[in-house]
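Numbers for residues simply follow the sequence, beginning at 1. Everything numeric here is computed off the predicted structure, so don't read it as measured data.
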Amino acid sequence: MEQERENLRQCRKCLLRDMAGQEEYFRSLREYIENLDADLKAATSVYEERLAVCRQCDMLLEGMCRSCGCYVELRAAVAKNSCPREFWQKMESHYI
C-alpha cells in the first residue's frame, strides 16, 4: 500500500534536474540547452534566477509549468522567453 502511495505522489517544486528517475531525460534537455546559439541563450545567472523563481511557483509540477505547459528548464534557457505569469519580469528588471 505504501509503495502504491509513493508511486502516486507528484513532485511539486521540482525541476527535471532534481527529480530521481529523470536523469536520462534531463541529459537530453541539457544537451539541447548547451547547443543553443550563444545569441539565443540566456546568461547563466539569469537562467539560474529564473529557475529559482519557478521553484517557488505554485504552477510548477514535475518540471513543467502548468500555466503554459513548457519544461521550465527549456523556457528559462532562451533569453527572449518570458514567464507566462510575468514573474520573471520583476526579477529581470535589474538587468536592463
Side-chain angles (χ1 to χ4, degrees):
M1 181 96 165
E2 185 64 32
Q3 178 75 22
E4 289 177 30
R5 197 174 315 166
E6 187 68 29
N7 290 339
L8 295 176
R9 290 185 186 170
Q10 294 179 331
C11 188
R12 299 185 188 276
K13 309 297 182 205
C14 290
L15 302 172
L16 285 176
R17 67 182 180 184
D18 301 328
M19 294 171 52
Q22 296 294 329
E23 296 86 4
E24 184 64 27
Y25 189 76
F26 182 68
R27 186 181 60 76
S28 297
L29 188 84
R30 188 177 62 244
E31 287 174 5
Y32 177 84
I33 292 169
E34 288 172 359
N35 289 315
L36 284 171
D37 289 338
D39 59 329
L40 298 177
K41 195 183 297 188
T44 302
S45 60
V46 171
Y47 176 70
E48 292 300 331
E49 284 186 58
R50 288 176 171 183
L51 295 182
V53 169
C54 290
R55 278 190 181 104
Q56 301 304 312
C57 183
D58 291 335
M59 298 304 286
L60 180 64
L61 179 66
E62 296 182 348
M64 292 183 71
C65 174
R66 292 185 300 156
S67 185
C68 69
C70 75
Y71 283 105
V72 296
E73 280 106 336
L74 282 177
R75 187 177 202 85
V78 178
K80 71 174 181 113
N81 285 349
S82 61
C83 169
R85 298 180 82 198
E86 299 182 5
F87 292 148
W88 295 349
Q89 187 175 8
K90 297 171 193 161
M91 178 265 313
E92 292 175 346
S93 63
H94 70 273
Y95 287 106
I96 298 173

> Measuring from Trp88:CH2 to Leu51:CG, what's the distance to the nearest 0.5 Å?
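Those atoms lie 7.5 Å apart.
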> Arg50 and Ala79: which non-hydrogen atoms are nearest, and at how many Å?
NH2-O, 3.0 Å
> By side-chain hydrogen bond (donor to acceptor under 3.5 Å, both in side chains), which residues pair with Glu31, not counting sequence neighbours?
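Glu31 satisfies side-chain hydrogen bond (donor to acceptor under 3.5 Å, both in side chains) with Arg27 only.
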> To check you understand the geometry: which heavy-atom pair defines the closest contact between Met64 and Tyr71, and what is its length?
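Smallest heavy-atom distance, with atoms named: CG-CE2, 3.4 Å.
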> Any donor and acceptor pair, going by atom type alone, linking the side chain of Asn81 with main-chain N or O of Ala76 inside 3.5 Å?
no
> Going from CG on Leu74 to CG on Leu29, what distance comes out if it is rounded to the nearest 0.5 angstrom?
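Spacing of CG (Leu74) from CG (Leu29) equals 4.0 Å.
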> I'd like to check Phe87 versus Gln56 (side-chain heavy atoms, cut-off strictly below 4.5 Å). Are they in contact?
no
> Answer whether the closest heavy-atom distance between the side chains of Cys57 and Arg85 falls below 4.5 Å.
yes
> Under the side chain to side chain contact (heavy atoms under 4.5 Å, CB included) rule, collect the residues that match up with Asp37, sequence neighbours excluded.
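Residues passing side chain to side chain contact (heavy atoms under 4.5 Å, CB included) with Asp37: Asp39, Leu40.
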> At their closest point, which heavy atom of Leu36 faces which heavy atom of Lys41, and how far apart are they?
O-CE, 3.8 Å
> Looking only at atom types and distance, does a side-chain atom of Arg66 sit under 3.5 Å from a main-chain N or O of Asp58, one as donor and one as acceptor?
yes
> Return the set of residues passing side chain to side chain contact (heavy atoms under 4.5 Å, CB included) with Cys65 (not counting sequence neighbours), or none when no residue passes.
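Once residues adjacent in sequence are excluded, the partners of Cys65 under the side chain to side chain contact (heavy atoms under 4.5 Å, CB included) criterion are Ser67, Cys68, Cys70, Val72, Pro84.
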